[in-house]
Amino acid sequence: MDVIVGGQRLEPGTKTIVRLPVTTDLDGSAISVRVHALRGTRSGRTLVIVGGQHGDEWKNVDLLRQAVEMLDPARLSGTVLVVPVANPIAFGTGQRIVQPASDGPDLNRVWPGTHTWLAESLARVIDRDVLVHADAVLDCHLGPWGSAFGAVFYGEDYPDPSVNAATAALGRAMGYQALGHGKVVQVFPGERSLMGYAGVVRRVPAVGVEIGGLGFDTQLEAEWTADGLRCIRNALRHLDILDTPFEYPERILRYGRTVRVNPSVGGLLIPERDPDQLLREVHAGEVLGRVVSPYTFEDLEVLESPCDGYVMYLPRRYPVRPGQWAFGIIDAASTEWIAP
Amino acid sequence: MSAQQLPVTTDLDGSEIALTLHTLVGSGPGPRLLLTGVQHGDEWLAIELMRRVVADLEPRSFRGTLLVLPVCSPIALRDIVRITQPASDGPDLNRVYGGAHHWLPEQIARTIATQVLPNVDALIDFHFGIWGTGIGFVGYGIDFPDAHVVERGRQMALAFGHPLVHRGRMASHFPGPGSLVGYAGAQLGIPNMVAEIGVAGFGRAEEDRWLDVNLHGIRNVMRQLGMLDDAQLPPSTARTLLFDVNHRVEPTRGGLLLPVREPDELGRAVQRGDLLARVVSPYTFAELERLEAPTDGLLTLIARSYPVRPGDWAFGVADTNPATSEWLTT
């Protein structure tokens with residue numbers, strides 16, 4: 001069966017880079033999205049991996065670069081379509097969003113793209129030429145400079161029960177040590193997020209991958225990248241695209257609720273532990289970090305764990321504005337340890 | 001010790017913009033040393049350095065006065081960007097000292113020039129690597145009109161104890177007559193030096209290592225100025241390179257910068273032609289550019305893997321050509 005992406009036929013056993021034109025911007029630049037298309041020598045399902053919806057989460061570029069390098073089309077049964085930078089405009093400026101003056105600046109809130117704002121145009125092209133082929137989707141995010149995340153999560157509120165079941169199975173099969181689940185359609189990130197849209201409209205399982213962060217020591221960041229690659233291999237194995245063995249941890253923490261512990265004031269955030277450890281057990285009332293004034297050096301705020309739980313996201317020392325990423329605590333009351 | 005608010009102006013959002021100046025008065029009379037940081041809002045690690053200075057330095061332990069201005073541009077810090085007011089014709093605070101207009105950077109510069117600098121006998125202006133980069137050298141101006149000011153700046157820079165010392169035309173060339181050090185040295189006759197030492201985004205241990213170098217350097221300069229009596233810390237190196245030429249090795253194309261060594265080491269010796277990093281396309285992953293050492297020398301700038309636009313900070317090499325440099329044995 002022919003596989004055609006952006007008008008380009010993919011030959012079996014090849015890696016191809018397809019350029020999808022999107023629009024022309026005010027500075028005259030031609031905006032396009034690149035897709036790395038890896039077609040196996042045998043038929044099978046298609047996994048779409050999307051990174052860089054938010055331009056400040058750029059470490060995924062390197063993760064997906066290594067993923068493309070890692071995968072040999074000769075060993076694939078099916079197709080892998082990788083979009084390393086879904087939002088090149090936001091990436092080019094290091095910002096989360098694109099076109100702040102639009103009423104849809106966050107690409108991950110505008111799928112499948114109705115209007116002609118930049119974010120919506122990007123969504124529309126990726127949907128039309130890439131998502132249309134998907135049997136499953138991985139949506140990659142991670143912490144921007146100063147913060148790190150550690151979870152794979154999936155939605156459980158799609159209208160189609162079979163999508164819910166397939167999504168849960170894919171999330172679990174990825175074998176990351178923390179597995180979140182929740183109402184991604186009704187609550188967060190919403191029906192028009194990539195995960196929401198893929199599950200509701202395209203009716204394919206879509207899992208969020210939030211592993212790693214930026215500004216930590218070299219070895220730690222390399223370990224997070226290795227975790228991300230392992231999860232991608234497991235997803236491919238689950239979909240029978242790759243036949244390598246599953247690589248699993250001993251157990252997985254499945255959870256349903258994360259509490260954000262982010263600063264309410266701006267200042268220099270100083271964590272109690274630096275580097276802290278993802279999935280470290282914490283207790284209610286435990287001091288996680290302090291926000292000090294960059295001017296007087298006084299304590300402005302003490303960040304405490306609101307409950308017993310586990311660290312899902314964490315910061316290093318860095319300057320924060322109100323609401324910025326600091327700690328995410330998995331509520332222990334919402335957890336269970338499960339076998340992979 | 002006291003922290004004093006120096007009002008600057010009122011901004012469009014209604015906020016009152018002010019500078020916070022810490023004054024640590026020692027146990028007896030002596031020189032007044034000013035430490036300044038965050039003229040550029042993305043060089044925020046200076047805050048942690050200043051916080052440690054204020055927390056650790058016991059006023060009874062020194063003579064004179066230590067003035068600490070941790071954040072010169074609160075507006076640039078708020079947005080973690082280099083410049084203060086992009087739409088102005090003087091957006092960079094460190095280029096507008098002596099300016100007569102009312103743009104935010106010029107009002108800040110004027111506040112510092114009129115309310116802080118008149119009470120100062122010596123100045124260290126700190127700059128740090130921004131996210132993804134590290135910088136490692138100190139410098140002093142060789143082109144101030146008063147030779148005495150030049151010599152005292154030289155003594156401060158050497159006393160700091162860093163092995164790389166840049167001899168710069170600070171007032172006439174870079175960072176120029178409107179920079180803080182250029183203005184203070186050329187217009188006010190205040191001996192000064194710059195300390196450009198620190199990495200950001202390399203992890204806590206690596207970053208703290210370079211913060212400690214700054215802390216030791218400040219104490220060494222205080223000793224040189226006669227503010228501290230305790231023994232000089234041992235030099236961090238047996239030799240000091242005084243250099244005139246610092247080659248920047250920057251990408252000409254945007255992409256993902258992938259250094260050959262990660263983490264690299266400031267001060268590492270390189271040879272002309274050594275590959276320092278590659279720039280790859282974030283889209284096709286194809287190699288776009290190779291960054292090589294343009295000369296034999298020592299690394300004054302390093303980078304970790306991070307996305308760069310054309311001209312962004314990457315590497316710097318202090319030229320060890322004997323015609324433009326000099327080794328001093330400690």
Side-chain angles (χ1 to χ4, degrees), chain A residues 15 17-19 32-36 51-52 55-56 58-62 64-69 82-85 88 91-94 144-146 213-222 225 266-268 270-271 273-276 292-298 316-321 324, chain B residues 2-5 18-22 37-38 41-42 44-48 50-55 68-71 74 77-80 130-132 199-208 211 254-256 258-259 261-264 280-286 304-309 312:
Chain A
K15 288 184 185 181
I17 300 171
V18 180
R19 178 177 172 273
S32 60
V33 170
R34 262 63 162 224
V35 185
H36 291 255
D56 54 352
W58 54 264
K59 188 70 175 174
N60 280 322
V61 175
D62 197 40
L64 298 182
R65 183 181 69 89
Q66 294 189 41
V68 168
E69 195 173 277
V82 178
V83 180
V85 184
F91 175 68
T93 56
W145 280 123
L214 290 163
F216 298 80
D217 75 62
T218 306
Q219 185 180 346
L220 198 52
E221 290 192 12
T225 298
L268 183 64
I270 302 178
R273 301 187 184 196
D274 192 357
D276 208 327
V292 303
S293 165
Y295 309 102
T296 66
F297 308 137
E298 296 166 306
R316 44 151 288 154
R317 175 181 59 205
Y318 83 121
V320 291
R321 299 188 75 181
Q324 207 160 335
Chain B
S2 64
Q4 177 188 4
Q5 295 287 302
L19 306 179
T20 304
L21 178 69
H22 296 255
V38 193
D42 50 0
W44 52 266
L45 258 172
I47 298 165
E48 178 62 7
M50 305 292 181
R51 190 180 72 87
R52 293 186 186 192
V53 168
V54 171
V68 179
L69 187 52
V71 181
L77 174 66
R78 180 191 61 198
D79 297 326
I80 316 291
I130 62 172
W131 279 127
V199 301
F202 290 64
R204 178 65 176 263
E206 190 70 1
E207 292 171 17
D208 279 357
L211 284 175
L256 184 63
L258 298 175
R261 298 189 185 195
E262 192 161 1
D264 212 323
V280 303
S281 165
Y283 309 104
T284 67
F285 307 141
R304 49 156 286 164
S305 59
Y306 85 117
V308 291
R309 300 187 74 179
D312 265 348

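Reckoned from all heavy atoms, side chains included, excluding hydrogens, waters and symmetry mates. The chains referred to below are lettered A, B, ... by the order of the sequence lines, with proteins before strands, and numbering in each begins at 1.
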Interface residue of largest heavy-atom contact number with chain A, from Gly254(B), Gly37(B), Ser305(B), under 4.5 Å = Ser305(B)
Contact origin within Arg317(A) toward chain B - heavy atom pairs under 4.5 Å = both
Beyond-backbone contact of Phe216(A) with Arg204(B), side-chain heavy atoms, under 4.5 angstrom | no
Does any non-hydrogen side-chain atom of Leu211(B) lie less than 4.5 Å from one of Arg52(B)?
-> yes
Residue among Ser281(B), Ala46(B), Gly203(B) with most heavy-atom pairs under 4.5 Å to chain A = Gly203(B)
Name the region of Trp58(A), side chain, backbone, both or neither, that has any atom closer than 4.5 Å to a heavy atom of chain B.
-> side chain
Do Val61(A) and Val85(A) touch side chain to side chain, with heavy atoms closer than 4.5 Å?
-> yes
Chain B shares the most heavy-atom pairs under 4.5 Å, among Leu214(A), Thr93(A), Asp62(A), Val35(A), with Asp62(A)
Within a strict 4.5 Å, meaning less than it, do heavy atoms of the Pro294(A) and Val71(B) side chains meet?
-> yes
So do the side chains of Leu45(B) and Glu207(B) get within less than 4.5 Å of each other, counting heavy atoms only?
-> yes
Most heavy-atom pairs under 4.5 angstrom with chain B, which of Pro275(A), Ser32(A), Gly92(A)?
-> Gly92(A)
Under 4.5 Å from a heavy atom of chain B, the part of Tyr295(A) involved | both
Measuring heavy-atom distances to chain A, does Leu77(B) have an atom under 4.5 Å in its side chain, in its backbone, in both, or in neither?
-> side chain
Side-chain contact, heavy-atom cut-off 4.5 Å: Phe91(A) with Asp56(A)?
-> no
May I ask you to check whether over 12 heavy atoms, not counting those of Arg309(B), lie within 6.0 Å of atom CZ?
-> no
Compare all side-chain heavy atoms of Thr225(A) with those of Lys59(A) and state whether any distance is below 4.5 angstrom.
-> yes
Does any heavy atom of chain B fall under 4.5 Å from the side chain of Val82(A), the backbone, both, or neither of them?
-> neither
Indicate yes or no: at least one non-hydrogen side-chain atom of Phe285(B) is less than 4.5 angstrom from one of Glu69(A).
-> no
Which region of Val83(A), side chain (C-beta onward) or backbone (N, CA, C, O), has a non-hydrogen atom less than 4.5 Å from a non-hydrogen atom of chain B, or is it both or neither?
-> neither
Contact class of Tyr283(B) relative to chain A, heavy atoms under 4.5 angstrom = both
Contacting region of Glu221(A) [heavy-atom separation from chain B under 4.5 Å] | side chain
Which answer fits Glu206(B), side chain, backbone, both or neither, if we ask what part of it has an atom under 4.5 Å from a heavy atom of chain A?
-> neither
So what's closer than 4.5 Å to chain B heavy atoms on Ile270(A): side chain, backbone, both or neither?
-> side chain
Would you mind checking which part of Leu69(B) comes under 4.5 Å of any heavy atom in chain A, side chain (CB onward), backbone (N, CA, C, O), both or neither?
-> neither
Taking only residues two or more places apart in sequence, or in another chain, which ones meet Arg51(B) in a side-chain hydrogen bond (donor to acceptor under 3.5 Å, both in side chains)?
-> Glu48(B)
Who among Trp44(B), Tyr306(B), Trp131(B) has the most heavy-atom pairs with chain A under 4.5 Å?
-> Trp131(B)
Report the residues that fulfil side-chain contact (heavy atoms from CB on, under 4.5 Å) with Arg273(A), sequence neighbours left out, ordered by chain and then residue number.
-> Asp276(A), Arg280(A)
Go through Gly52(A), Pro88(A), Gly266(A) and name the one with the most non-hydrogen pairs under 4.5 angstrom from chain B.
-> Pro88(A)
Pair count under 4.5 Å, heavy atoms only, with chain A: among Val38(B), Ile80(B), Val54(B), highest is Val54(B)
Contact class of Arg65(A) relative to chain B, heavy atoms under 4.5 angstrom = both
May I have the step-by-step check of side-chain hydrogen bond (donor to acceptor under 3.5 Å, both in side chains) for Ser2(B) and Gln4(B), ending in yes or no?
-> CA-CA 6 Å; Ser2(B) 64; Gln4(B) 177 188 4; 6.0 Å; no
Interchain contact, Tyr318(A) with chain B, by part (heavy-atom threshold 4.5 Å) | both
